[in-house]
Amino acid sequence: MTYEATSRPPSVDAGLADELKAWYPVLGALPPATFEAAFARARALAVPAGTVLFDDHAACEAMPFLLDGAIRVSKSSASGREILLYRVHAGDACVLTSGCLIGRTAYAARGVVEREARLVFLPEGAFRQLVATQECFRTYVFALFSARLGDMMALVEAVAFRRLDQRLAALLLGRGRVLQVTHQSIADELGSVREIVTRLLHHLADDGLVRLSRERIEIVDPEGLRRIAATSG
């Protein structure tokens, strides 16, 4: 075996490279040599549901690119209450991770695999190099901040100014006629507690708007829910 063959740097798998560029077009806009250098050691990892990818105060070491599955990013209080900040799906990027890598700060929330995921991790050094040298990648990262800031403002407005029954009605709408979901998971998304959510759901059921069974909510009167969601004050 020649010296050149043994010293040549590893190459990213062609199939994986194509998949990354299909989900994340910004990566396809990078010069081929730059992409190859950044992802030369990349491998797709299968991560089961329930895995904690990162946690509050943990060090941030790599940027995940999601090819399949979903990641739930949430913030918990000292009392254990949790509120959903956002979800990351295939083709999305975790803005919290981007911010931590750029600022070299620890995480301020928790990220949990919600559905079995396939991930490719870009190490911190490679991520920072792309931000520093590639305008298209830098623009992509800062566009993430802009888009997610709008989402966060909407979340703050909902939590601060809308009643919980309005937010519950809005959450139930748009997810199909039947939701397979627990009261606890709804409470987590609303930043509330299960007992209050259960009480509100039973009020909706008493009013004929929904029908409840174990880990199942059937929407009976979507128009009624829309009226509640749109109620001011």
Side-chain angles (χ1 to χ4, degrees), residues 48-56 66 68-96 107-117 144-233:
T51 301
V52 178
L53 280 184
F54 54 83
D55 212 344
D56 213 349
L66 189 59
D68 195 16
I71 301 168
R72 172 192 177 91
V73 180
S74 61
K75 181 70 176 176
S76 297
S77 69
S79 64
R81 289 178 58 182
E82 182 182 82
I83 187 167
L84 173 69
L85 299 179
Y86 57 89
R87 286 185 172 89
V88 183
H89 299 280
D92 295 338
C94 179
V95 68
L96 179 61
Y107 281 107
R110 167 178 284 200
V112 178
V113 175
E114 196 167 47
R115 294 200 319 272
E116 182 176 358
L144 291 176
F145 294 145
S146 176
R148 194 61 72 185
L149 178 61
D151 295 341
M152 292 297 100
M153 292 300 292
L155 176 61
V156 169
E157 180 181 7
V159 171
F161 302 121
R162 299 186 71 192
R163 298 195 318 260
L164 190 60
D165 59 340
Q166 292 175 274
R167 295 168 53 212
L168 174 59
L171 184 150
L172 295 176
L173 291 167
R175 299 195 177 188
R177 190 179 65 85
V178 176
L179 290 75
Q180 299 290 343
V181 64
T182 66
H183 294 187
Q184 182 62 60
S185 65
I186 293 176
D188 290 343
E189 292 206 31
L190 294 174
S192 183
V193 295
R194 181 183 56 78
E195 292 79 6
I196 294 176
V197 168
T198 296
R199 189 181 311 132
L200 289 174
L201 284 169
H202 281 291
H203 286 326
L204 295 178
D206 291 341
D207 291 339
L209 302 178
V210 301
R211 187 175 295 117
L212 305 176
S213 55
R214 183 175 178 80
E215 296 188 5
R216 186 177 188 272
I217 302 172
E218 180 182 354
I219 306 301
V220 177
D221 183 359
E223 287 303 320
L225 290 177
R226 290 190 186 96
R227 284 194 295 272
I228 293 174
T231 302
S232 60

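All residue numbers in this chain count up from 1 along the given sequence.
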*For the residue pair H202 and L212, establish whether any side-chain heavy-atom pair is separated by less than 4.5 Å.*
yes

*Considering only heavy atoms from C-beta outward, does the side chain of V181 approach that of E215 to under 4.5 Å?*
no

*Can you tell me how far CG of D188 sits from NE2 of H183, rounded to the nearest 0.5 angstrom?*
13.0 Å

_Checking E218 against V210 for the side-chain contact (heavy atoms from CB on, under 4.5 Å) test, could you report, in this order, the C-alpha distance in whole Å, the side-chain angles of both residues, the deciding distance, and whether it holds?_
CA-CA 5 Å; E218 180 182 354; V210 301; over 6 Å; no

*Donor-acceptor pair, side chain of Q166 and main chain of R163, under 3.5 angstrom*: yes

*OG-CG distance between S192 and L200, expressed to the nearest 0.5 angstrom*: 7.5 Å

*Would you mind reporting whether V73 and R87 have side-chain heavy atoms less than 4.5 Å apart?*
no

*Check whether any side-chain heavy atom of I186 sits under 4.5 Å from a side-chain heavy atom of L190, and report yes or no.*
yes

_Looking at every non-hydrogen atom in both residues, tell me the closest pair between A70 and H89 and how far apart they are._
CB-ND1, 3.7 Å

*For the residue pair V220 and R211, what are the closest heavy atoms and their distance?*
CG2-N, 3.8 Å

_Let me confirm one number: the CG-CZ distance from D221 to R226, rounded to the nearest 0.5 Å._
9.0 Å

*Could you state the interatomic distance from CG (L168) to CD1 (I196), rounded to the nearest 0.5 Å?*
11.5 Å

*Tell me whether the guanidinium CZ or amine NZ of R148 lies under 6.0 angstrom from the six-membered ring centre of Y86 and within 45° of its axis.*
yes

*With a 4.5 Å limit on heavy-atom distance, are the side chains of V178 and I219 in contact?*
no

*For residues A229 and L173, report the shortest heavy-atom separation together with the two atoms involved.*
CB-CD1, 4.4 Å

*asked:* Side chains of L96 and Y107, heavy atoms from C-beta outward: is any pair under 4.5 Å?
replied: yes

_Candidate pair L149 and V95, rule side-chain contact (heavy atoms from CB on, under 4.5 Å), full reasoning_ = CA-CA 10 Å; L149 178 61; V95 68; over 6 Å; no

*State the CZ-CG distance between R199 and L204, to the nearest 0.5 angstrom.*
13.0 Å

*Shortest non-hydrogen separation from L144 to A93 and the atoms involved*: CD1-CB, 3.5 Å

*Approximate separation, where rounding is to 0.5 Å, of R115 CZ and L66 CG*: 8.5 Å

_Restricting to non-hydrogen atoms, name the atom on A109 and the atom on S74 that form the minimum distance, rounded to 0.1 Å._
CB-O, 3.2 Å

